[in-house]
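Accompanying notes for the structure given below.
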Amino acid sequence: MTVRTRFAPSPTGYLHIGGARTALFNLLFARHHGGQYLLRIEDTDRARSTPEAVEQILESLRWLDLSPDEAPVFQTSRESRHAEVARELLAKGAAYLAYDTAEELVAMRERATAEGRPPRYDGRWRDRDPSEAPAGIAPVIRIKAPREGETVVRDLVQGEVRVGNAELDDMIILRSDGTPTYLHAVVVDDHDMGITHVIRGDDHLTNTFRQCMVYDAMGWTRPEFAHVPLIHGADGAKLSKRHGAVGALEFRDQGFLPEAVCNYLLRLGWGHGDEEFVPRDRAIELFELKDVGRAASRMDYAKLSHLNGQYIRAADASRLATEVLRVLAAKDVRADATGEARVAALIPDLQPRARTLIEMAEGARFALLPRPIKPDAKAAALLEGDGRAMLGRLAAALGEAAWDRMALDAALRAFAEAEGRKLGAVAQPLRAALTGSTQSPPIDAVLAALGREESLGRIADAVG
Ligand code: GLU
């Protein structure tokens with residue numbers, strides 16, 4: 001049997017990071033077993049589904065490298081098939097037409113509540129002959145729920161879960177307007193798509209029993225189910241905006257690398273010993289559902305930042321340069337070819353300490369600023385006193401130096417010594433002149449990245 005999994009988001013908003021983790025688990029499980037991972041867009045709620053949300057979900061999945069192996073299936077495109085299966089169940093006697101009016105259903109619910117019973121459909125049309133159907137009422141199709149025994153699901157994460165069948169009622173599978181209900185559509189789609197393992201959030205666990213009714217009534221083999229606990233915030237409440245970023249693309253905007261986000265999401269709720277750095281290939285090799293925990297996990301943004309730093313250090317410098325330029329361009333700081341080369345030259349010095357691409361971009365921003373550089377208040381203070389005069393003499397000394405880091409470093413040291421100053425007392429005013437700030441990559445790296453002409457120009461601007 002070839003393993004086939006699916007991720008089935010509803011396009012009613014952006015892709016939540018919990019959804020991204022569900023997608024990741026589906027992909028890893030399929031890859032681990034040499035199977036396929038599919039995507040189904042569950043857009044049957046037409047009032048709430050939007051094309052923008054579909055596009056955002058697809059973009060989020062592309063960014064996270066979680067795109068499916070086959071073209072996405074849109075649930076609405078399959079409505080005639082959902083109806084066909086409902087009619088098949090009707091023909092088999094496993095479902096029936098129910099002609100209740102809205103008022104009757106309300107009265108039924110009110111009576112149940114008044115008598116302290118759960119508001120279930122009482123099955124009144126189950127054995128009635130359609131010839132008794134009242135005129136002018138379009139019927140729904142309801143499935144016959146089993147009345148005795150229990151439904152047992154051996155969930156690959158939650159273990160054995162069961163419900164007494166008396167708890168289930170004859171749910172509607174096809175509405176009077178011919179549209180399928182959600183729980184019915186999901187089963188028909190999962191069956192037709194050949195899904196062998198349904199891996200999803202545990203908020204769908206109770207739906208599973210009702211979905212089993214459709215599988216069983218059609219005589220279809222049920223897939224394996226794995227219900228993964230949801231992600232909570234640090235305070236234990238379900239993760240939401242007030243905890244921090246929750247949309248997958250927000251993490252991109254905050255300067256995280258997609259592979260760091262995936263690694264972090266994997267470790268939220270899945271573990272292999274104490275391995276923390278688990279890149280995609282390793283994750284595919286190790287991923288098993290038995291290692292998914294049963295307890296809700298808590299999002300820890302500081303831990304994600306730390307892991308992101310590790311991925312930044314492992315990343316290819318030219319890719320980081322492209323990303324940093326993208327972040328800066330988004331802030332309207334644009335680079336020509338010279339600027340691009342300056343940023344690229346700085347990457348190896350920004351890489352060791354940064355936790356996000358935003359931090360790297362902030363560290364590289366000075367290289368793209370046009371002359372004259374406007375120093376911030378702290379940098380301006382360094383240029384007061386004899387700072388300017390010293391920079392004037394330094395410019396003359398640097399003018400003689402070969403323009404590579406070693407030679408520049410040697411020239412700075414020699415200058416400091418000749419002046420009887422500490423190296424920092426030379427480097428800090430120089431940094432202020434070159435970057436407009438008191439913090440930057442090492443000063444020889446700054447000089448080398450800017451090049452001779454730009455560096456001497458910026459110093460001259462500061463000297464005035
Ligand atoms: N469309 C559902 C959701 O977005 C998922 C249903 C499923 O995975 O079966 O929560």
Side-chain angles (χ1 to χ4, degrees), residues 3-30 36-61 64 66 68 70 72-79 81-82 85 151 153 155-158 161 171 173 179-215 220-232 238-240 246-249 265 269 289 292 296:
V3 164
R4 278 167 74 87
T5 63
R6 73 355 179 233
F7 173 51
S10 305
T12 53
Y14 56 80
L15 179 65
H16 189 279
I17 201 71
R21 188 185 59 166
T22 302
L24 175 67
F25 283 9
N26 275 287
L27 175 138
L28 293 177
F29 184 78
Q36 290 109 34
Y37 150 77
L38 313 183
L39 176 66
R40 182 171 67 241
I41 302 288
E42 303 209 311
D43 54 352
T44 40
D45 183 346
R46 290 179 194 256
R48 294 175 62 226
S49 302
T50 65
E52 293 75 30
V54 172
E55 200 28 63
Q56 257 227 25
I57 290 170
L58 296 177
E59 190 183 343
S60 304
L61 294 176
L64 291 165
L66 296 173
E70 295 174 10
V73 172
F74 287 82
Q75 197 157 49
T76 42
S77 73
R78 297 185 30 84
E79 285 191 341
R81 170 67 179 150
H82 304 143
V85 172
T151 298
V153 172
D155 190 274
L156 297 176
V157 172
Q158 306 290 334
V161 281
M171 69 167 176
I173 52 176
T179 59
T181 54
Y182 171 68
L183 291 177
H184 174 67
V186 168
V187 173
V188 175
D189 291 344
D190 281 339
H191 172 266
D192 289 0
M193 289 166 75
I195 300 305
T196 58
H197 293 75
V198 170
I199 305 169
R200 61 188 173 194
D202 69 3
D203 47 339
H204 290 283
L205 184 59
T206 49
N207 286 340
T208 308
F209 299 115
R210 302 213 280 162
Q211 292 178 346
C212 285
M213 297 201 290
V214 181
Y215 283 105
W220 290 339
T221 310
R222 298 181 196 168
E224 299 283 350
F225 291 100
H227 287 91
V228 178
L230 301 183
I231 301 177
H232 287 179
K238 199 175 150 187
L239 188 70
S240 71
V246 281
L249 294 179
L265 289 177
L289 287 167
V292 173

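Both counts, for ligands and for their atoms, begin at 1 and track the order of listing.
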- Query: Out of His227, Gln75, Glu42, whose heavy atom sits nearest atom 1 (N) of ligand 1?
  - Reply: Glu42
- Item | Contacts of Arg48 that satisfy side chain to side chain contact (heavy atoms under 4.5 Å, CB included) - sequence neighbours left out | Thr12, Asp45
- Item | Neighbour count above 12 (heavy atom, 6.0 Å) for Arg4 CZ | yes
- Item | Proximal ligand 1 atoms for Pro9, defined as those under 4.0 Å from one of its heavy atoms | 4 (O)
- In ligand 1, which numbered atoms sit nearer than 4.0 Å to a non-hydrogen atom of Ser10? 1 (N), 2 (C), 3 (C), 4 (O)
What protein heavy atom is closest to [atom], reported as residue, atom name and distance in Å?
| atom | value |
| --- | --- |
| atom 5 (C) of ligand 1 | Ala8 O, 3.2 Å |
| atom 10 (O) of ligand 1 | His204 NE2, 2.9 Å |
| atom 8 (O) of ligand 1 | Arg6 NH1, 2.7 Å |

- Message: Salt bridge or not between Arg46 and Glu79? Use side-chain N to carboxylate O under 4.0 Å.
- Response: yes
- Item | Asp189 and Arg6 ion-paired at < 4.0 Å | no
- Query: Listed by chain and number, what are the ring-ring contact (aromatic ring centres under 6.0 Å, His included) partners of His232, not counting sequence neighbours?
  - Reply: none
- Query: Does ligand 1 have any atom that is closer than 4.0 Å to a heavy atom of Tyr182?
  - Reply: yes
- Heavy-atom contacts under 4.0 Å between Phe225 and ligand 1: side chain, backbone, both, or neither? neither
- For the pair His197 and Phe29, name the ring-plane relationship: parallel under 30°, tilted 30 to 60°, perpendicular over 60°. tilted
